[in-house]
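Quick note on labels: first sequence line is chain A, next is B, and so on, each numbered from 1.
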There are 2 protein chains.
Amino acid sequence: MTSQASDEPETVAASRRSKITPEREREFFDAVLEQIRECGYDSVTMEGVAASTRCSKSTLYRQWKTKPQFVAAALRASRRVRFAGIDTGSLAEDLRQAARAAGDWSGKDTRLLQALGHAVTSDQELAQALREALVHPEIAALEEMLARGVARGEVPAGHPALEYVPAMMFGVLRVRPVLNGQYADADYLVRFVEAVVLPALGRR
Amino acid sequence: MTSQASDEPETVAASRRSKITPEREREFFDAVLEQIRECGYDSVTMEGVAASTRCSKSTLYRQWKTKPQFVAAALRASRRVRFAGIDTGSLAEDLRQAARAAGDWSGKDTRLLQALGHAVTSDQELAQALREALVHPEIAALEEMLARGVARGEVPAGHPALEYVPAMMFGVLRVRPVLNGQYADADYLVRFVEAVVLPALGRR
DNA sequence: GTGTACCGGTACTCGGCCGTATCGGTACAC
DNA sequence: GTGTACCGATACGGCCGAGTACCGGTACAC
């Protein structure tokens with residue numbers, strides 16, 4: 001982590017000298033991510049982002065050197081754990097709530113992941129930012145959920161299905177648009193948890 | 001149509017007049033799909049495909065009007081059912097064999113799907129070709145497998161997990177690279193079938 | 001031998017985007 | 001009031017790719 005004199009959290013330290021307020025920065029980040037969702041990474045242009053936020057291309061290039069660095073910064077600043085705070089005391093209910101939460105941001109994040117999925121193969125920084133922003137936090141939250149369930153004795157430690165729970169949840173989330181032509185909503189995911197995940201874990 | 005001299009299957013009828021042999025056409029299709037896997041849809045250029053197949057850009061544009069139409073033709077010509085011929089008489093063994101087969105082409109098809117995933121949102125023909133080539137045949141094969149299992153009484157009809165089996169299989173296949181950084185191999189998928197799919201279906 | 005029609009190669013137009021440079025305006029410090 | 005440093009606008013260079021046009025070569029029909 002090499003954390004040294006870093007009193008600035010996610011926003012770049014330069015924003016002190018810049019006249020870009022954090023709120024303004026958020027607008028840039030939201031705009032670029034939204035356009036990536038809509039048009040794909042390659043089709044997004046710095047000019048387009050500048051126009052949609054009524055700023056100048058120069059402003060963007062002054063803060064961030066290149067387009068991938070800009071996008072990576074946007075991703076890092078958008079890191080949020082959507083499963084945060086889920087802890088009902090029961091694994092089944094935890095998973096149901098997670099499914100419900102996942103259904104709510106399914107459209108947005110799935111599209112972002114899809115749009116960036118191939119761009120990351122050519123840019124290391126982008127790949128890392130994507131994992132840190134969208135993948136790792138949710139996986140970690142899910143694994144904590146499972147670990148609590150194991151600690152409570154709801155599932156035996158080392159149960160073979162445990163390792164697949166995150167992959168299943170994310171997988172179903174991501175492929176539903178391809179298979180059924182619509183994003184996975186909360187209802188679909190909750191039924192999935194009850195029909196597959198919990199039975200596989202030996203619950204109910 | 002014009003079914004006389006019916007040695008021309010799905011290659012365009014015009015290839016009669018073209019001097020491009022079906023084998024040569026295959027080279028073009030293989031090349032463009034391979035380059036899409038490696039560089040992504042947007043980064044693939046007609047010039048690149050022409051160069052790698054030692055033909056001329058003119059030749060490609062003579063046969064196919066535009067880049068998306070060319071890619072769509074390549075996809076349609078590459079349709080193949082990988083699960084074809086799996087019918088062991090036991091649902092569990094069918095699924096295991098399907099998992100093994102899926103593991104073998106996982107790298108290739110997953111990358112193709114990922115690379116095209118966002119391009120299809122802007123081109124209708126491409127989207128249809130992708131579904132016909134990579135998605136629908138496999139789903140149909142899986143569903144037949146399940147239907148046979150139900151018919152044999154191995155799983156009760158209307159079992160709630162049935163509808164999720166295709167989504168699970170494809171989902172796990174697709175997200176594994178994102179989660180674990182490697183493509184799903186046959187071993188991983190077979191263990192998944194045994195740890196999750198079969199228990200969810202009430203088999204073991 | 002003659003014609004036809006396709007192939008490969010090259011050169012070209014056109015448009016788009018990245019990233020840079022320049023310039024006037026303006027908020028803020030002191 | 002003066003200086004400074006950033007903002008927004010615009011223009012520009014450079015590059016690259018889609019798609020077109022044109023040309024010589026050649027296989028094949030008759």
Side-chain angles (χ1 to χ4, degrees), chain A residues 8 11-29 31-32 35-36 38-74 115-116 118-119 122-123 125-126, chain B residues 5 8 11-29 31-32 34-36 38-74 115-116 118-119 122-123 125-126:
Chain A
E8 300 288 335
T11 39
V12 272
S15 67
R16 251 294 168 42
R17 304 202 162 177
S18 166
K19 290 176 183 170
I20 309 277
T21 65
E23 294 77 21
R24 184 71 170 135
E25 202 179 47
R26 260 254 73 90
E27 287 181 42
F28 296 153
F29 290 161
V32 68
Q35 290 185 24
I36 287 175
E38 281 176 10
C39 317
Y41 176 81
D42 287 320
S43 301
V44 164
T45 73
M46 298 295 262
E47 259 142 347
V49 175
S52 74
T53 53
R54 290 183 306 283
C55 83
S56 148
K57 215 171 35 152
S58 327
T59 304
L60 299 181
Y61 277 107
R62 261 190 289 264
Q63 307 290 329
W64 302 277
K65 306 303 175 200
T66 68
K67 172 175 157 180
Q69 285 181 29
F70 175 43
V71 174
L116 286 170
H118 212 269
S122 53
D123 189 301
E125 183 183 358
L126 213 52
Chain B
E8 302 286 336
T11 37
V12 271
S15 66
R16 246 297 166 44
R17 306 206 161 175
S18 167
K19 291 176 184 170
I20 308 277
T21 67
E23 293 76 23
R24 185 70 170 133
E25 202 179 48
R26 259 256 71 87
E27 286 182 43
F28 296 154
F29 290 161
V32 68
E34 186 52 36
Q35 291 186 23
I36 287 175
E38 279 175 11
C39 319
Y41 176 80
D42 287 320
S43 300
V44 165
T45 73
M46 298 294 262
E47 257 143 347
V49 175
S52 75
T53 54
R54 289 183 307 283
C55 83
S56 149
K57 216 173 29 154
S58 326
T59 304
L60 298 181
Y61 277 108
R62 261 190 290 265
Q63 306 291 328
W64 303 278
K65 307 303 175 200
T66 67
K67 172 176 159 180
Q69 285 180 29
F70 175 43
V71 175
L116 287 170
H118 212 270
S122 52
D123 190 301
E125 183 183 357
L126 213 52

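Separating the CD atom of A/Q63 from the C1' atom of C/dT20 is a distance of 16 Å, rounded to the nearest angstrom. Rounded to whole Å, atom P of D/dT20 lies 10 Å from atom CE of B/M46. Protein atom CG of B/D42 is 13 Å distant from nucleotide atom C1' of C/dC17, rounded to whole Å. Separating the OH atom of B/Y41 from the P atom of D/dG17 is a distance of 14 Å, rounded to the nearest angstrom. Following rounding to the nearest Å, B/Y61 (OH) and C/dC7 (P) show an atom-to-atom distance of 16 Å. Distance CD (A/E47) to C1' (C/dT20): 12 Å, rounded to an integer number of Å.
In this structure, C/dC30 forms a base pair with D/dG1, meeting either the Watson-Crick or the G-U wobble geometry with both donor-acceptor distances under 3.5 Å. Across all strands shown, C/dG16 forms a Watson-Crick or G-U wobble pair with D/dC15, both key distances being under 3.5 Å.
Inter-residue side-chain proximity for A/Y41 and A/K67 is flagged as met; some heavy-atom pair is nearer than 4.5 Å. Proximity of B/R26 to B/P22: side-chain heavy atoms (C-beta onward) are nowhere separated by under 4.5 Å.
A salt bridge links B/E27 to B/R24: one of the charged nitrogens lies within less than 4.0 Å of a carboxylate oxygen.
Comparing B/R24 and A/S43 by the nucleotide of DNA chain C that holds the closest heavy atom to each, the one mapping nearer the 5' end is B/R24.
Distance check, rounded to the nearest 0.5 Å: CD of B/E125 to OG1 of B/T66 gives 7.5 Å.
A tilted orientation is assigned to the rings of B/W64 and B/F70, their planes being inclined by 30° to 60°.
Shown here for A/D123 and A/P68, the closest heavy-atom pair between the two residues is OD2-CB, 3.2 Å.
Taking every heavy atom of residues 52-60 of chain A and every atom of DNA chain C, pairs under 4.0 Å involve A/K57, A/S58, by number.
The base of D/dG8 is paired with the side chain of A/R62 by a donor and an acceptor separated by under 3.5 Å.
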